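Worksheet for the structure shown next.
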Amino acid sequence: MKTVGYAAHSPTSGLEPYEFSRRELRGNDVAIEILYSGICHSDLHTVHGDWGEQPYPLIPGHEIIGKVIDVGPEVKKYKVGDSVGVGCMVDSCQTCDQCHNHEEQYCREGMTATYGSEDRITGEITQGGYSKHIVAREEFVLKISDKLDISKAAPILCAGITTYSPLKTWNVKKGTRVGVIGLGGLGHMAVKLASAMGAEVTVISRSTDKEKEAKAIGGKAILSSRDESALEAAASSFDLIIDTVPVKHDFDTYTPLLDIDGTHVIVGQVGEMDEPVTAPLIMGRRRIAGSLIGGIKETQEVLDFCAEHNIHPDCEVIKPEQINEAWDKLQKENPSHRYVIDMTNLKVS
């Protein structure tokens with residue numbers, strides 16, 4: 001299938017239109033026309049080589065909403081015209097204990113990422129959602145409820161599942177005290193989801209400038225990480241902290257905020273962190289943990305949860321030719337929304 005996308009040809013080149021071909025359908029494949037594609041901060045990290053050398057040209061994007069345009073003969077769950085999504089991965093071994101446990105993101109042989117990975121059969125490099133079409137195996141395609149606004153649903157497939165999974169893992173429920181560090185693309189989804197679960201949610205930010213936004217989406221308060229007296233007053237007040245900061249930072253500001261047996265979960269920064277002081281961990285049996293997206297079953301669960309509770313990411317819809325501008329803003333600013341690319345007018349020559 002001939003198609004077109006926006007590709008980076010080097011870590012510093014920016015993204016530009018790029019024509020390429022998607023593979024022919026295998027028996028269990030679903031072909032999708034992409035309608036909307038979310039922009040994730042990890043797209044920038046990957047393309048810029050922050051997490052290692054990349055196979056250019058590279059088309060990023062792993063928050064994908066579209067409609068089915070063809071299916072292989074073995075496909076059972078989907079038909080032409082269905083609204084579907086593709087998230088951060090498109091394959092895994094399907095045989096290891098983690099895959100059998102519906103946690104394909106921890107596949108013992110390594111998951112196949114939606115872009116920048118080698119296809120498990122052909123070895124070709126996967127290309128992502130900043131494009132007109134995608135082909136993925138049925139097991140990694142997700143159903144999109146007609147209760148969701150498809151122009152806003154794409155970020156649920158990364159920002160949504162990335163924050164939903166630790167909330168579920170640490171059993172957030174009514175009355176759980178949750179702190180969310182950062183009110184960006186990940187953070188605002190963490191606030192919405194935790195609030196819908198009944199938690200008492202506090203946003204932790206460098207200032208209180210976003211207090212109005214935090215309360216509008218379900219937060220009960222905002223705590224400044226630069227206000228020492230406020231931090232002291234908030235000591236031992238959280239059961240769980242979701243840390244969405246995507247750059248190197250320290251733990252020591254936040255550890256004393258956890259109650260005994262509290263957990264600080266990193267979902268933003270992949271890489272080096274400042275060394276923590278261990279005394280607050282030991283004295284309160286507190287934990288520092290990490291969490292990587294979620295499995296396919298859990299991703300479907302968060303899509304259905306959002307549909308049930310009318311939760312949508314806060315989105316700014318842009319045209320494909322505005323991608324580089326949006327990337328520039330994402331690097332220089334800290335928007336409390338997600339950029340979503342409207343792919344409907346992208347044409348294949």
Side-chain angles (χ1 to χ4, degrees), residues 1-5 19-38 40 59-95 99 102-105 107 111-151 153-158 160-161 293-304 306-307 340-344 346-348:
M1 183 196 309
K2 289 186 177 181
T3 191
V4 64
E19 294 188 355
F20 67 110
S21 294
R22 293 290 186 183
R23 69 170 184 258
E24 292 185 2
L25 266 67
R26 300 166 189 156
N28 62 345
D29 275 341
V30 178
I32 302 164
E33 179 185 350
I34 298 173
L35 303 177
Y36 296 95
S37 182
C40 177
I59 298 173
H62 54 211
E63 299 177 345
I64 300 165
I65 298 290
K67 64 179 180 180
V68 176
I69 57 173
D70 201 1
V71 296
E74 300 169 17
V75 171
K76 306 296 185 185
K77 292 169 57 179
Y78 302 103
K79 64 183 184 302
V80 172
D82 285 349
S83 294
V84 294
V86 175
C88 299
M89 49 187 169
V90 291
D91 208 351
S92 69
C93 78
Q94 298 286 284
T95 59
C99 289
H102 304 291
E103 293 204 313
E104 299 90 346
Q105 75 275 29
C107 174
M111 69 171 181
T112 302
T114 305
Y115 65 90
S117 284
E118 290 187 4
D119 183 273
R120 305 182 89 85
I121 295 175
T122 66
E124 64 186 296
I125 300 301
T126 57
Q127 302 289 1
Y130 295 12
S131 57
K132 186 65 176 176
H133 303 95
I134 192 167
V135 175
R137 64 180 292 175
E138 178 182 24
E139 294 88 343
F140 287 79
V141 177
L142 297 137
K143 296 181 180 179
I144 304 300
S145 169
D146 57 10
K147 294 181 181 179
L148 290 173
D149 180 342
I150 61 171
S151 71
I156 298 172
L157 293 158
C158 178
I161 184 57
I293 52 172
I296 295 299
K297 181 179 180 181
E298 197 169 50
T299 306
Q300 187 64 64
E301 185 179 311
V302 70
L303 283 165
D304 296 341
C306 287
V340 174
I341 311 162
D342 182 349
M343 311 302 293
T344 57
L346 187 63
K347 303 297 183 184
V348 180

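Remember, it's a predicted structure, so these values are computed and weren't measured experimentally.
Separation of atoms CD (Gln127) and OG1 (Thr114) is listed at 11.5 Å; rounding is to 0.5 Å. Atom OG1 of Thr122 is separated from atom CD of Glu24 by 12.0 Å, given to the nearest 0.5 angstrom. Within the model, atoms CE of Met1 and CZ of Arg23 stand 10.0 Å from one another, a figure rounded to the nearest 0.5 Å. Distance check, rounded to the nearest 0.5 Å: CG of Asp342 to OH of Tyr36 gives 4.5 Å. Atoms OG and CD1, from Ser117 and Ile125 in turn, are 7.5 Å apart once rounded to the nearest 0.5 Å. Taking CG of Asp70 as the reference point, atom OH of Tyr78 lies at 15.5 Å (rounded to 0.5 Å).
The shortest non-hydrogen separation linking Leu25 to Gly72 is CD2-N, 3.5 Å. Counting all heavy atoms, side chain and backbone alike, Lys347 lies closest to Val4 at O-CG1, 3.4 Å. Across all their heavy atoms, Gln94 and Cys99 have their closest contact at N-SG, 3.4 Å. Taking each heavy atom of Gly85 and Leu157 in turn, the nearest pair found is CA-CD1, 4.1 Å. Counting all heavy atoms, side chain and backbone alike, Ile59 lies closest to Tyr115 at O-CB, 3.2 Å. Closest heavy-atom contact between Gly128 and Ile64: C-CD1, 4.5 Å.
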| request: Check step by step if side chain to side chain contact (heavy atoms under 4.5 Å, CB included) holds for Tyr130 and Ile341. | output: CA-CA 8 Å; Tyr130 295 12; Ile341 311 162; 3.8 Å; yes
| said: For a side chain to side chain contact (heavy atoms under 4.5 Å, CB included) check, start with the C-alpha distance between Val84 and Lys67, then their side-chain angles and the critical distance, and finish with the verdict. | reply: CA-CA 6 Å; Val84 294; Lys67 64 179 180 180; over 6 Å; no
| message | Using side chain to side chain contact (heavy atoms under 4.5 Å, CB included), reason through Val30 and Val75 one step at a time and then give a plain yes or no. | response | CA-CA 7 Å; Val30 178; Val75 171; 4.2 Å; yes
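The side-chain heavy atoms of Leu142 and Leu303, taken from C-beta on, include a pair separated by under 4.5 Å. In this structure the side chain of Glu104 never reaches within 4.5 angstrom of the side chain of Lys297, judged on heavy atoms. Using a 4.5 Å heavy-atom threshold, the side chains of Val348 and Glu19 count as separate. Counting heavy atoms from C-beta on, the side chains of Lys79 and Val68 never come closer than 4.5 Å. Residues Ile32 and Ile69 form no side-chain contact, since every pair of their non-hydrogen atoms from C-beta on lies 4.5 Å or further apart. Between Glu298 and Ile161, some side-chain heavy-atom pair lies under the 4.5 Å cut-off. Contact annotation: the side chain of Glu63 never approaches that of Ser37 to less than 4.5 Å [non-hydrogen atoms, C-beta and beyond]. Two residues are said to be in side-chain contact when any heavy atoms from C-beta on lie closer than 4.5 Å; Ile34 and Ser131 meet this criterion.
Side chain of Glu124 to main chain of Glu118: no donor-acceptor pair is present (N/O by atom type, distance under 3.5 Å, no hydrogens or angles). Although no hydrogens or angles enter the test, the distance criterion places a donor-acceptor pair under 3.5 Å between the side chain of Thr126 and the main chain of Ala113. No donor-acceptor distance shorter than 3.5 angstrom exists from the side chain of Lys132 to the backbone of Glu33, with no hydrogens or angles considered.
By the 4.0 Å N-to-carboxylate-O rule, Asp91 lies close enough to Arg137 to be salt-bridged with it. For the pair Asp29 and Arg22, the salt-bridge criterion is not met [side-chain N within less than 4.0 Å of a carboxylate O].
Exactly one residue among Asp304, Ile150, Asp82, Ile156 makes a side-chain contact (heavy atoms from CB on, under 4.5 Å) with Ile144. That residue is Ile150.
Remark: the Arg120 side chain and the Thr112 side chain contain an N/O donor-acceptor pair separated by less than 3.5 Å. A side-chain donor-acceptor contact under 3.5 Å links Thr3 and His133.
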